[in-house]
Each structure stands twice: as structure tokens, then as C-alpha cells.
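Note that the numbering runs from 1 along the sequence shown for the chain. Just so it is clear, the structure is predicted and the values come from calculations on it, not from any experiment.
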Amino acid sequence: MEKKSLWFEKHNFSSCSLKEDWSICNEQDLECVGSCFGIIGVIEPISGLFPKILVIKRSCKVGTLPDDKEVFRIDEVSLLEIAADGYVAGDLCRCHKHGGVASSRANANIGKSTLINTIGSFKLATNSLKNATAQAAVIASQVRPGSKKDPRDPSRLERKICDEILKLFHGTNSFYFCPTGDITKAVARQKPGVKTQEECEDRFFWNKALLSNTSGFNLQNRKDFFIPIIQGYFETARVPLFLQEEEEVSLDPNMIPMTESALPSLELTVISRRSRFRCGTRYLRRGVDENGYVANYVETEQIIRFSGHTVSFIQVRGSVPIYWSQPGYKYRPPPQLDKGELECQQAFKSHFNREVDTYGKICVVSLVEKIGKEKIIGDAFEKQILMHDSPDLAYAAFDFHDNCRGLRFENVELLVSALEEEMKAMKFSWIDSKGTICEQTGTFRVNCMDCLDRTNVVQMAVSRRVLLLILSKLGLVPPEGKVPESLLLAHQTLWANNGDAISKQYAGTNALKGDYTRTGKRKLAGMMKDGVNSASRFYINRFRDAFRQVAISILTGESIPNELLVSLTNEKTLVQDEPDITVTAERVKQVIEECRNLLLSDSEVAVGSWGVIDSHPASGDPTQTDMDLILIITQEMLYVIDYDDEDDELERYYPIPFANIEAIEFGPDVQGSISLNFLRGSSQRSRTQSSAVHHLKISYKIGNKSGYLVQCRSTRLRFF
């Protein structure tokens, strides 16, 4: 079979064609601008500006589908800008076959056509940003520029949006493709034979809208270059299984025979597919739309492959399917209902009719709180289920925060045990070399408010119980046995990574409660990390969500509301790359409050709390600008909490009794020595000292051993 390349005319970019690889020998004045692994789309943002091609610069194989088709993750993309004279500016991989990357504008004038060398059969998509930024250009043009570098300049707006598109790919590592198979469909919905775009799952075909705009390109058989891309998660773990010699397993004749004590490896895969409908960021996409599509809708499939058998189990998550929102920039703003019961009813019905048609019977598991701010949403959800009154819906309400209060996360197993009969009734999809053994006839639809942290914990627990049922059916464990330790660890790791990936896509940070998903235990370090992630989500919502939402809408082909584009032309939104002092204070305050709640007993009263920067000569970084130490003073104790703000990881914390403190000094650090004693006051400071960076140094002992110290400098933020 002859390989083909995609050729573009340098001076007429819309003119492109497929040519056999050998035809390069017959061409003159060719220029290779580098190599890429595929073309995602062509973006022509604003009339008069140069078009851009979004290409896959680097990809990585991450596993295979059950039919052994290879799956790749997009690791890096690049935007190539094509000028009027054909010059291509951008960052591509060096092409070793055709002489590398074009680096000068003079080289661009050599010939009339430009070759972009694609490896394999990948896709071309086009022109998705033009309409959105054209609207923004009109809005921006209604405001008089105040200077030559006015932030409302459409070209500057375009650059910000393009940067955000790149961040979607680079910041989450969440886009995947399968050149020869169909990654958009679960095992049960796969059909044998050649895969075509028409057979792809519409909900998860992320670039379908982009590909619908390729009619202007004179490509013959251009679909050979177009492959579906999904956003979500894909990871596989291969786990060696060993039969315990002391265990006696009674095998059913229909089960897999086990004649050796050492079993071959079992392959565990978790795939999540995010819907392209009503997709977006946390506070800008909530609830349901008029077509019944909900925000943060994700299908997660767990696949077990062993000795010719493929078994899969599907769960879904999605926002509560009523009209609701959380407007404003407050930290954790209260949710509100946007429409009444009757208006919500039709959208609710459309949503669940589609779910039943796709999966069969739906068991709804709601984890929202029954008291407090979330109650209004939970109550409205229950009313809609009662009004719908469908035999295809089962409903279970579990107030996660109330039942798991005080680190009692083991109570999740109470919910899972209550759902076990539903699990057995809906079964799972089981296929071997001879065909289908059984099919999954229903699914769990799990939701909390964000459908992130609580939802991932419960879905992981459900999938673990289903995994045990599958292992028993395969004859790998006795009916009352346990999941082997090695497989349990792999299962927890994959689901924790899955939760982090989905959370980054929707909220911008790793999932909360990830320590429980990863280890099965809730720890202080995990709670501290959750406090940092929660505060980070607030910052991302405050400053980045508008641009992220526009970038996502461009990729999925959604229309962009004018009010959102108006917000993008706001000078502060465009210029502000870092949070102002108010937002920083809010973020730090939240972390400090989490520390106080976790470390202080009911009888302890916090006298003062500070977020500071470590300036210890051995561990401090002179260039550090973010808080990395927290000091909390009670009436008898000093608490020092040390965590890594960049990696969101708690390092350690020290409770230091006042009786163990030997000295407190404050002043400029001169070659490791504090020159001014804190207890003498500040009146003796010289002008040189007052202009230097001042440090707080606390010397203390542990037991009878002296020589321990805490040294820090201020971030100029203090909370009591």
C-alpha cells in the first residue's frame, strides 16, 4: 500500500492535495518546514491576520484497545502561522528525512509549494476560531483604545485565546487518539470491520465540529487524514497474578481452567471519555441545557483482559440535570436555581431518555449534601425524579460529607454494599474469542456538585466491587475472596490518576480526596493538599476560566455568548496574569483555615496565623515569592507547617511548645546572622537595615537537644 502525504500550496493555503510519497522525487524547489504527528485543525482567527495550523508535535503510545489497536496521547501541539508570502513560523520537530526545520524567512521564498510531512494517516481540521474572535473584534472596536498597546486590541485577544488553546493540550495531557481503531466507543458498542467517522460516538468525537468545516479544501479522500480525538483519560496496568497455594478455588466448568500456581498477567485499563456537549469550565458550565446535555459529563469504562477474555464495566457522571448555576467570584459561591420545575422537566426528561436508550436502566447515585448550600439542588433533583416516575430509574441519595465526616471514608462501603444487588442485575460486558457471553444492561450515574472528588471516590469503590465479581466469574478468586493486593494497588492508582485528569479538565487542579482513592486511607497530608487545591481552583475560576471556556468552545464548535466575549475585552482580564493582593489573600487564608481546623483541638485557640516564606540558609530559596510555610500560634504552642505550594504536597508540620523556644530574633540576615533581636524593638534599626529583607528566626530545642531553628520572611499577609 502506497503511503501518501498532504501537500499545501504556499500562496494559496486552502489549496491542498494528497500525493504519493514517491512524487517528492519529481518536484522542484520544495521546502520542508519540519515534521509533525498529525494535523488537528486550521485556525483563521480574524480577517487580515495570518491563518494558523494546529498540529500534533509530539505524541506517546499509552496502550492498546481490546482489539489491539494502538492508542496515543497528545503530549505537545504547535501553532504554525502562515504569512502572505508563504513563510511558515512555528515550532516543529526536526525532519531528518527532508533536511530539518525552516528557520529563516529567506528560505521561505524558494518555491511555490510547501510540504508538511505527516507521519501516518492523521486528520486535518479547519477554521474554528474565526467566528468567535470576529465577534470579539467587533466588541473591542466599540471601545476607544487608550494607547498603542491597548489590551482590548483584537490581535492581542487572539493571542491570549491561542495561548489558552495550547494550554488545554499542554496543561492536562488529556487528549487521545487511535489511528486505526475507534477510541470513542466502549467495548460493548464496538463493531467489527473498518472504522469510519460516521460510526464514531457522536458525544465523544471531540473534533467533529472542526472537521465539518473542511469542505473548502480540495482534498480527495481527505477522511484518511482525519481521525477522532477524545478528551479524557487512558491508562493500562499489566499485573502478574499468582494463585495462593493455600486457597482452594472451586472452578465452574465454564470458567477458565487454572492448572498452574503462577497465572499469566491480567491487563487492567481505565478509559474516560468526556462529552463535547455542554463542555467547559467549572463555574461557567453547570446543570443542563435545552437539549438535555449536562456539564462535566464523562463516561468511564473499566476493562479487564485475561487469557482471551475481555470484560468491561461502564459508569457515567454528569452535573445535576436541572437549570442551575453558581455565579459570582466568591469562594464557593452558593448555587441557585435558574428555572422552575416545569421548565426543568423537559430537559430532565430528554437527558434521561437518552441515557436509558444508550445504557438501559439507570441507577442514579446522588452525593450532594442534604443540608447547607447544596440542599436546594439536591431537593430539586429528587423532585424531578419523582415527577419523571420512570421504571428505568433507580435513585439512591447518600450525603457523602455527612456520612464520611471525621475521616470515616470507610462508610463509602456501606453505600456500595447497598448497591450490590443493582450491580449484579446490570451485569457487565463479557466477550471471548467465540463471541459475547453477557452484556451490561444498565449503569450507575453518579453525581455530586462538581462531579469530581466525591464522585470519583464512589465510582472507584463501585468499580472495585465489580472487579471482585468479575475475578470470581473468571475463576481467579473464590466467591468470598479478595482482590489480590497487586491488582488492588494498580486499580487504586489508575482511578486516582483518572480522578486527577478529569478534575484538571473541569476545575484546573488535581482531584480532592485523591489520597483515599490512591491508598484507601484518608490522611492529614491529603487534607492539607485538598486545601491547597481548593484554593487554587478559586484562583483559576477568578482569572482563567473565561479564556479557557472560549478555547474549549472553539475546539468543540459551540457558540460563544456575547457577554463572555465582552468579559474577555476587559482590560484587567487581558492584562492580569497573576492574582491581585485580594485574591492572593483569599487563597492563603483558605489554606491557613484548613490548617487550623486540622491541627488545633477544640480547646485550642489560635492567637495568630501567618503565611510566610522559608528563608532558612539550608532549605530556603531566595527567589521564592509564594507562601511555603504557615505559622500558627496558640496560647501554648507554635505550629510550623511546611508544604510545597507548586506540587500541592504537604512536607511536614512541627508543634513547638513555648517552653522549648530558646530565642526569637528579627532583622536583616547578614551572612546567616540576624543582626537585630526581636525583643529589643525596632527603634534601633538603621536605614540600611530597614531597606534590607528582614527575617524572623526562632531557635528551639527538642527534648534536651538545642540547635533547631525556623527562619522565614514575610509575604505581607496576616490573618487572625
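- For Q315 and T300, the side-chain atoms include no donor-acceptor pair closer than 3.5 Å.
- When atom types are taken as modelled, the side chain of S503 and the backbone of G499 share no donor-acceptor pair closer than 3.5 angstrom.
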>> Go through it in stages, so that I can follow the logic: the residues are Q384 and E341, the test is side chain to side chain contact (heavy atoms under 4.5 Å, CB included), and I'd like the CA-CA distance, side-chain angles, deciding distance and then a yes or no.
In response: CA-CA 7 Å; Q384 288 295 330; E341 290 180 5; 4.0 Å; yes
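- Shown are E413, Q459, H491; of these, the side-chain hydrogen bond (donor to acceptor under 3.5 Å, both in side chains) with R464 is made only by E413.
- A cation-pi arrangement is present between R354 and Y293, with the terminal nitrogen or guanidinium carbon under 6.0 Å from the aromatic centre and inside a 45° cone about the axis.
- Looking at heavy atoms from C-beta onward, L415 lies in side-chain contact with L367 at the 4.5 angstrom threshold.
- Looking at N291 and R278, their side chains never bring a donor and an acceptor atom within 3.5 Å of each other.
- Side chain of Q505 to backbone of G232: a donor-acceptor contact under 3.5 angstrom is found.
- Atom CZ of residue R285 and atom OG of residue S325 lie 12.0 Å apart, to the nearest 0.5 angstrom.
- Using a distance-only test at 3.5 Å, with no hydrogens or angles considered, a donor-acceptor pair links the side chain of Y233 to the main chain of L494.
- Between the side chain of R58 and the backbone N or O of D75, no donor-acceptor pair lies under 3.5 Å.
- Considering all non-hydrogen atoms of both residues, I552 and G280 come closest at CD1-CA, 3.9 Å.
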>> Using salt bridge (Lys or Arg N to Asp or Glu O under 4.0 Å), reason through D182 and K69 one step at a time and then give a plain yes or no.
In response: CA-CA 9 Å; D182 187 356; K69 305 296 186 182; over 6 Å; no
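- Between F234 and Y176, the ring planes are tilted. Angles from 30° to 60° get that label.
- Judged by distance alone, with hydrogens and angles left aside, the side-chain atoms of K185 form a donor-acceptor pair with the main-chain N or O of E199 at under 3.5 Å.
- When side chains are defined from C-beta on, F444 does not count as touching V466, because their heavy atoms never get closer than 4.5 Å.
- Note that CD1 of I470 and CZ of F306 are 13.5 Å apart. Values are rounded to the nearest 0.5 Å.
- Counting heavy atoms from C-beta on, the side chains of R274 and N296 come closer than 4.5 Å.
- Between F72 and C178, the closest side-chain pair of non-hydrogen atoms is not below 4.5 Å.
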> Step by step, would you call C404 with V412 a side chain to side chain contact (heavy atoms under 4.5 Å, CB included)?
Replying inline: CA-CA 7 Å; C404 299; V412 172; 3.8 Å; yes
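- In this structure, CE in M423 is found 9.0 Å from OG in S463, a value given to the nearest 0.5 Å.
- Here CZ of R286 is found 4.0 Å from CD of Q326. Values are rounded to the nearest 0.5 Å.
- Taken from CG in L452 to CZ in R454, the straight-line distance is 9.5 Å, to the nearest 0.5 Å.
- R276 places a side-chain N or O within 3.5 Å of a backbone atom of D202 that can act as its donor or acceptor partner.
- The closest donor-acceptor contact from the side chain of S319 to the backbone of G287 lies under 3.5 Å.
- Looking only at side-chain heavy atoms (C-beta outward), N353 and H388 come within less than 4.5 Å of each other.
- Contact check on R273 versus E201 returns no salt bridge, with no Lys/Arg side-chain nitrogen under 4.0 Å from an Asp/Glu carboxylate oxygen.
- Looking at T455, its side chain does come within 3.5 Å of a backbone N or O of C448 through a donor-acceptor pair.
- Between F352 and F348, the ring planes are tilted. Angles from 30° to 60° get that label.
- Considering OG1 of T443 and CD1 of I362, their distance stands at 6.0 Å, rounded to 0.5 Å.
- Judged by distance alone, the side chain of E301 and the main-chain N or O of V187 form a donor-acceptor pair under 3.5 Å.
- Shown here is E420, whose CD atom has more than 12 heavy atoms of other residues, nucleotides or ligands within 6.0 Å.
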> Step by step, would you call Y297 with F277 a ring pair (Phe, Tyr, Trp, His ring centres under 6.0 Å)?
Replying inline: CA-CA 8 Å; Y297 183 92; F277 298 111; 9.8 Å; no
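- Side-chain contact between V446 and V462: absent, with no pair of heavy atoms (C-beta onward) separated by less than 4.5 Å.
- With hydrogens and angles ignored, the 3.5 Å screen pairs no side-chain donor or acceptor of N447 with any backbone N or O of V320.
- Taking 4.5 Å as the limit, some side-chain heavy atom of H401 sits within range of a side-chain heavy atom of D399.
- Side-chain contact check for N403 versus L414: every heavy-atom pair is 4.5 Å or farther apart.
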